[in-house]
Amino acid sequence: MNNAYLPHEAEIVARIQEAPDIFTLRLQFTDPELQANYSFAPGQFNMLYLHGVGEVPISIVSDPENANLYDHTIRVVGRVTQAMAALQQGDYIGVRGSYGRGWPMAEAEGRDVVLITGGLGCAPVVSVINYVLQRRERFGRLVIMQGVKHSNDLIWREQYAAWSKLPDTQILLAANETTPHWAFDSGFVTDLLDKANFEADNASAMLCGPEIMMQVASQRLLEKHVAADDIWLSMERNMHCAVGHCGHCQFGGQFICKDGPVFPLPAISHLLGVKGF
Amino acid sequence: MVMHHFLARTDFHALLDMLVVEGYACIGPQVRQGSIVFDRLHDVSQLPTGWQDTQQPGHYRLHQTGSPYWFDWANGAAAIKPHTFAPQENLWKVVRDESGRLHFKTILPKPQKIAILGVRACDLAALALQDQHFLHGEYPDPYYQQRRDNLLLIGVNCTHAAATCFCVSTGDGPAIRSGYDLLLSEIDDGFVLEIGSARGEHLAKQLPLHAASATQQATAQQRMQAATQQSRTLPEKPPLYDLLQHPHWEDVGARCIACGNCTSVCPTCFCHQEVEHPALDGNSSTHQRLWNSCFDPSHSHIHGGAVRRTPKDYYRQWLTHKLAGWHEQFGRSGCTGCGRCISWCPVGIDLTAEVGSLTA
């Protein structure tokens, strides 16, 4: 029997420092057969294991058509990611995956894509941006909306600047607190929807970030007549096993690791915004 | 037509002897520290002769009835779960060599044939649910599988329901209908025996069995009837997701001390956590899983803190998952009416009463 709990050795082929506390690991399985058969979809995640320390679930941000290498962008937030920050090119870690249901990229073809994110960078959505930009002709307009608490929190400024120069791509950024040099909006990311340029009846909205932000954004999208089935949310809960066994990521009748992390709004709308659930 | 055999009480030791010959370690009920526990059973004399339980919310006591019966009690704190889903087990080991390469190796439990004697209907129903969870999904669990494959189950129909039992209302008991290798119904001078599997048949062939008489079968039925008298009930599918903001959650949250007893005695709870045990020399590490509870403050931890932070949150998570979420995940409720969570709750929280208050 295949053991879904067992990690496999992977080599760090490259390490990229994205921001002071954010880094990307480019990985490859050392077993050539395993690597050759490996596949993933945008929005899926791997469990990354650091020797003697433990495992963490991390989104895959690179392109699924180039699965012989795969990238993870990691923010230092806890015990394991803190220790992972010390890893260098040529080091080895454990990887198992890919796990979960990703973004509905096939359903989104031929439509406008609206991405709404909050917080310090949102790796699951970066995979969508990369995916759309690699296949630009297959999608309509791309709207990238990102909100941060303080304007200093915005990472990947260069990338936003680069994306904003692309055709049919709109970048909308908001910060609750701003410094004088902030060239974008102040307030909540959800307030920017009036400026977003997309066709409500032909758009797929993909959301990632704090639940309250996703809840408000979903409501605004519905008010703009985006269909509930076209609104997708990437949820977050504690994950240990990643295969729906350990129960930590329980969310109503769903296991977020297995049935998500990406859900269509109607599957979870009754559970959103319930404090402490 | 099911064949009903009879095994005399005086011949019962032959069953235990047979299990030894067939290479099984026998686990069975016995009285220890004032409760019925399931542990290694070597001899018939260890069985709980004449012991019966009194259970109430937050209350479990044994008393002597002086009867000849060995199985005239409802249930103790645990029966099967620890033998398939181990409370603590190693999953894999990793060795780091001098060049930094990592060598991962699965640690499977060693095959050990175990026969469990005295399994009840509620627990067999719970085992079927655990099978569904660990074996019949997208990612079958090899650790659980190993233990499950080596399990022989000798069920005993209940003849005494505790005041905390409600298996009739969940549809899981007191009669055992499936999932056993051998099934026993206790009467005065022995047991009416039914065969449920090829392995059970293999054992039965070697036992000194007689054909059960119509009277013996009728007596067994009658004795089981006594266990259908249960005062507690549970609605099949309480609409708990519609009641997430109900004020009663605050009430039960104020009583709950978040000890997690309900989850550890529950035969269907499957939550666990994974922990790492690095060796002192830093070159190898063992990855282990342990039972965990949704009443543990770290259970819902994500960066930035736990999602659920108060006993109210924990209890709501437990009850909505057990009685509502399970329907979506497994096609039925996660409760089989054993009543353990009621008896073993130190403050006497009663799941059936809480559901009653929430849905009133």
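Every chain is numbered from 1 and lettered A, B, ... according to where its sequence line falls, protein lines coming before strand lines.
In this structure, chain A has no heavy atom under 4.5 Å from any part of B:H277. Only the side chain of A:R96 comes within contact range of chain B, with at least one heavy atom under 4.5 Å from a heavy atom of that chain. Contact annotation for A:K258: only side-chain heavy atoms (C-beta onward) come within less than 4.5 Å of a heavy atom of chain B. Within the 4.5 angstrom heavy-atom criterion, only backbone atoms of B:S300 (N, CA, C, O) approach chain A. Both the backbone and the side chain of A:C241 come within contact range of chain B, each with at least one heavy atom under 4.5 Å from a heavy atom of that chain. With a 4.5 Å cut-off on non-hydrogen atoms, B:N283 touches chain A through its backbone but not through its side chain. Proximity to chain A (any heavy atom under 4.5 Å) is shown, for B:Q273, by both the backbone and the side chain. The contact between A:E55 and chain B is made entirely by side chain atoms (from C-beta outward), counting heavy-atom distances below 4.5 Å. Heavy-atom distances place the backbone of B:S298, and not its side chain, under 4.5 Å from chain A. Residue A:F251 does not touch chain B at all, counting heavy-atom pairs closer than 4.5 Å. In this structure, chain A has no heavy atom under 4.5 Å from any part of B:T286. Both the backbone and the side chain of B:E274 come within contact range of chain A, judged by heavy atoms closer than 4.5 Å. Residue A:T81 does not touch chain B at all, counting heavy-atom pairs closer than 4.5 Å.
The cationic atom of B:R308 (NZ for Lys, CZ for Arg) does not lie both less than 6.0 Å from the six-membered ring centre of B:Y314 and within 45° of the ring axis. Note that B:R147 lies outside the cation-pi zone of B:F134, set by a 6.0 Å cut-off to the ring centre and a 45° limit from the axis.
Taking the six-membered ring for Trp and the full ring otherwise, the centers of B:F270 and B:Y144 sit at least 6.0 Å from each other. Separation of the A:Y49 and B:W92 ring centroids falls under the 6.0 Å cut-off. Ring-centre distance between B:F85 and B:H272: below the 6.0 Å cut-off.
Chain A forms more heavy-atom pairs under 4.5 Å with one residue of B:H321, B:Q317, B:H103 than with any other, namely B:H321. The candidate from B:W326, B:F104, B:F330, B:Y241 with the greatest count of non-hydrogen atom pairs under 4.5 Å with chain A is B:F104. Highest contact tally toward chain B, considering only A:Q254, A:Q250, A:E11, is held by A:Q250 [criterion: heavy-atom pairs under 4.5 Å]. Of the listed residues B:R101, B:H301, B:H303, the one with more heavy-atom pairs under 4.5 angstrom with chain A than any other is B:R101. Residue with the most contacts toward chain A among B:R96, B:E138, B:R309: B:R96 (heavy-atom pairs, distance under 4.5 Å). In terms of heavy-atom pairs under 4.5 Å with chain B, the best-connected choice from A:K275, A:H8, A:H248 is A:H248. Note on A:C249, A:G252, A:G90: by heavy-atom pairs under 4.5 Å with chain B, the leading option is A:G252. Ranking A:V243, A:V53, A:D259 against chain B, the residue ahead of the rest is A:V243, based on heavy-atom pairs under 4.5 Å. Per-residue counts of heavy-atom pairs under 4.5 Å with chain A were compared for B:H327, B:K312, B:H299; the largest is that of B:H299.
Looking at heavy atoms from C-beta onward, B:L151 lies in side-chain contact with B:L153 at the 4.5 angstrom threshold. Counting heavy atoms from C-beta on, the side chains of A:P7 and A:V95 never come closer than 4.5 Å.
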Query raised in the report: Should A:E211 and B:V307 be marked as a side chain to side chain contact (heavy atoms under 4.5 Å, CB included) after you check the CA-CA gap, both sets of side-chain angles, and the distance that decides it?
Result: CA-CA 11 Å; A:E211 258 165 68; B:V307 174; 5.8 Å; no
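Using the six-membered ring where Trp is involved, B:Y143 and A:Y5 have ring planes that are perpendicular, over 60° apart on the 30 and 60° scheme.
Residue A:P57 is tested with A:E236, A:M239, A:R237 for a side-chain contact (heavy atoms from CB on, under 4.5 Å); the sole match is A:M239.
Between B:D141 and B:R148, no side-chain nitrogen of the basic residue sits less than 4.0 Å from a carboxylate oxygen of the acidic one, so the salt-bridge criterion is not met. In summary, B:E354 and B:R255 engage in a salt bridge, as defined by a charged side-chain N under 4.0 Å from a carboxylate O. One finds a salt bridge joining B:E89 and B:R289 here, because a Lys/Arg side-chain nitrogen approaches an Asp/Glu carboxylate oxygen to under 4.0 Å.
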